[in-house]
Amino acid sequence: MMLPRIQHLPNTLSTNRDLEQLIHSALDAGCDFPEFSAVMADFQVAGRGQGTNRWHSTAGLNLLISICFRPPVPASRQFLFNEYFAIAVRQLLSRCTCDVKIKWPNDIYMNDRKLAGILIEHSVIGDRLGYSIAGLGLNVNETDFPVDLPNPVSLSQITGKQYDVHEIAAQLISICQSSYSVLKEENWEKLESDFLSHLYRREEWFFYMIENHEVEAKITGMDVYGRLLLEGREGEKWCCGMKEIKFII
């Protein structure tokens with residue numbers, strides 16, 4: 001399988017924004033933009049996480065990449081794409097270490113420490129997704145994190161090895177290509193099952209902030225829109241979207 005083009009930049013404001021501009025330029029010119037094409041950078045001045053979060057990365061040490069997709073997914077079920085991409089990232093990391101978990105909605109954890117963050121942005125056409133940009137910040141060879149970051153970890157810290165960031169990028173895109181059939185064939189039941197099987201804290205009792213209250217609950221699953229389902233000790237039930245729940249680590 002031929003790998004698509006990866007545009008490499010020494011530094012940028014945001015790989016998501018760069019890729020979005022390339023897609024728009026191609027579409028404005030009446031050209032097709034190849035799926036799985038990517039932009040990666042050694043350093044991001046304004047690397048972003050969910051909401052107002054920022055992503056720390058020392059230049060050249062980590063994987064900062066954004067990949068283009070045109071997922072055959074209804075806009076109302078767009079979280080299926082989040083599941084697909086998180087599973088692909090987890091599969092990549094499982095080649096290097098074990099016990100890798102997906103922290104809802106789209107972080108990658110190992111032993112309560114954050115290994116990677118995912119930022120997905122969609123363009124919607126009618127009731128379908130037009131294109132999707134999946135941005136990944138993966139701690140690869142980083143060993144010196146700012147003290148104000150609560151729980152970061154890198155592959156190098158976990159395994160004691162150094163990694164070729166470009167090779168990891170190529171492996172990720174190859175995994176995305178080989179596993180894409182789960183979306184194309186609308187095998188959504190398998191996708192959701194795989195996601196839940198690797199979900200961080202599933203069916204375990206922990207404390208969360210929900211509706212400005214600290215509660216003890218366990219994650220029981222997700223609804224059809226990807227919202228997190230939890231149950232309390234007394235049988236209370238919650239259905240939480242993004243920004244409606246905070247994990248207490």
Side-chain angles (χ1 to χ4, degrees), residues 1-49 54-73 81-97 100 106-108 115-123 129-142 154-156 161-184:
M1 182 181 294
M2 178 179 255
L3 285 175
R5 179 168 177 256
I6 301 177
Q7 179 172 329
H8 174 253
L9 303 172
N11 61 76
T12 184
L13 289 175
S14 164
T15 56
N16 268 32
R17 291 287 73 77
D18 289 335
L19 184 55
E20 182 181 38
Q21 290 172 6
L22 289 173
I23 294 170
H24 284 175
S25 295
L27 295 178
D28 290 344
C31 302
D32 188 28
F33 193 84
E35 201 166 22
F36 304 107
S37 295
V39 173
M40 66 178 292
D42 294 332
F43 181 70
Q44 277 190 140
V45 176
R48 294 181 298 137
R54 291 290 178 264
W55 185 263
H56 166 80
S57 180
T58 302
L61 295 184
N62 306 301
L63 179 59
L64 307 170
I65 190 168
S66 297
I67 307 171
C68 174
F69 299 85
R70 290 191 299 277
V73 175
F81 179 80
N82 292 55
E83 294 173 3
Y84 150 80
F85 189 70
I87 290 168
V89 174
R90 186 200 168 275
Q91 183 179 341
L92 168 74
L93 296 175
S94 294
R95 296 177 174 181
C96 305
T97 186
V100 180
N106 44 23
D107 285 335
I108 307 297
L115 188 53
I118 296 168
L119 178 63
I120 293 175
E121 298 175 297
H122 299 290
S123 167
L129 296 180
Y131 65 83
S132 298
I133 295 174
L136 174 68
L138 169 61
N139 297 326
V140 180
N141 297 313
E142 189 80 53
S154 69
L155 275 179
S156 183
K161 301 176 182 178
Q162 292 288 303
Y163 296 88
D164 183 327
V165 176
H166 291 266
E167 175 60 26
I168 290 178
Q171 289 182 26
L172 173 62
I173 293 177
S174 179
I175 290 171
C176 287
Q177 288 179 305
S178 63
S179 62
Y180 206 44
S181 60
V182 73
L183 288 179
K184 287 194 169 183

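Positions are given from 1 along the sequence.
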Sequence neighbours left out, what pairs pass salt bridge (charged side-chain N to carboxylate O under 4.0 Å, His left out) with at least one residue falling in [range]?
{"range": "residues 82-94", "result": "none"}
{"range": "residues 60-73", "result": "D32-R70"}
{"range": "residues 174-184", "result": "none"}

Practice task
Among L22, I65, I6, find the residue that satisfies the side-chain contact (heavy atoms from CB on, under 4.5 Å) test when tested with V39.
Solution key: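 That would be L22; it is the only one of L22, I65, I6 passing the side-chain contact (heavy atoms from CB on, under 4.5 Å) with V39.
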With rounding to the nearest 0.5 angstrom, report the [atom1] to [atom2] distance, [X] to [Y].
{"X": "S37", "Y": "I173", "atom1": "OG", "atom2": "CD1", "value": "8.0 Å"}
{"X": "M40", "Y": "D18", "atom1": "CE", "atom2": "CG", "value": "13.0 Å"}
{"X": "C176", "Y": "E35", "atom1": "SG", "atom2": "CD", "value": "10.0 Å"}
{"X": "L119", "Y": "N106", "atom1": "CG", "atom2": "CG", "value": "7.5 Å"}

Measure the shortest side-chain to side-chain distance between [X] and [Y] over non-hydrogen atoms and say whether it is less than 4.5 angstrom.
{"X": "Y131", "Y": "E20", "value": "yes"}
{"X": "L93", "Y": "L115", "value": "yes"}
{"X": "Q91", "Y": "Q171", "value": "no"}
{"X": "I23", "Y": "C68", "value": "yes"}
{"X": "I118", "Y": "N82", "value": "no"}
{"X": "K161", "Y": "L155", "value": "no"}

Testing the basics here: between [X] and [Y], what is the closest heavy-atom pair and its distance to 0.1 Å?
{"X": "T15", "Y": "A41", "result": "CG2-CB, 3.8 Å"}
{"X": "P71", "Y": "L183", "result": "CB-CD1, 4.2 Å"}
{"X": "G117", "Y": "D107", "result": "CA-OD1, 3.6 Å"}

Treating [X] as the side-chain partner and [Y] as the backbone partner, does any N or O pair qualify as donor plus acceptor under 3.5 Å?
{"X": "S154", "Y": "N139", "answer": "no"}
{"X": "S174", "Y": "A170", "answer": "no"}
{"X": "T58", "Y": "L61", "answer": "no"}
{"X": "N62", "Y": "V140", "answer": "yes"}
{"X": "S178", "Y": "I175", "answer": "yes"}

Practice task
Establish, from distance only, whether the side-chain atoms of S156 and E142 form a donor-acceptor pair under 3.5 Å.
Solution key: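 There is no such pair between these side chains.
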Practice task
Return the set of residues passing side-chain hydrogen bond (donor to acceptor under 3.5 Å, both in side chains) with N141 (not counting sequence neighbours), or none when no residue passes.
Solution key: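 Scan of N141 (side-chain hydrogen bond (donor to acceptor under 3.5 Å, both in side chains), adjacent residues dropped) gives none.
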Problem - By side-chain hydrogen bond (donor to acceptor under 3.5 Å, both in side chains) - contacts of Q7 (at least two apart) - result: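 Listed in chain order: nothing, the list is empty.
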Handout entry: Whether F69 and Y180 hold their rings parallel, tilted or perpendicular, with breakpoints at 30° and 60°
Key =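 Rings of F69 and Y180: tilted, as their planes differ by 30° to 60°.
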Exercise for the section: Determine the interplanar angle of the Y84 and F81 rings, folded into 0 to 90°, and report it as parallel if under 30°, tilted if 30 to 60°, perpendicular if over 60°. Expected result: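 Plane angle between 30° and 60°, so tilted.
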Problem - Partner residues of D28 under the salt bridge (Lys or Arg N to Asp or Glu O under 4.0 Å) criterion, sequence neighbours left out - result: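 Testing D28 for salt bridge (Lys or Arg N to Asp or Glu O under 4.0 Å), a comparison that skips the adjacent residues, returns none.
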Exercise for the section: Carefully, step by step, assess I67 and L172 under the rule side-chain contact (heavy atoms from CB on, under 4.5 Å). Expected result: CA-CA 10 Å; I67 307 171; L172 173 62; 3.9 Å; yes
Handout entry: Worked verdict on C96 versus Y163 for side-chain contact (heavy atoms from CB on, under 4.5 Å)
Key = CA-CA 10 Å; C96 305; Y163 296 88; 3.9 Å; yes
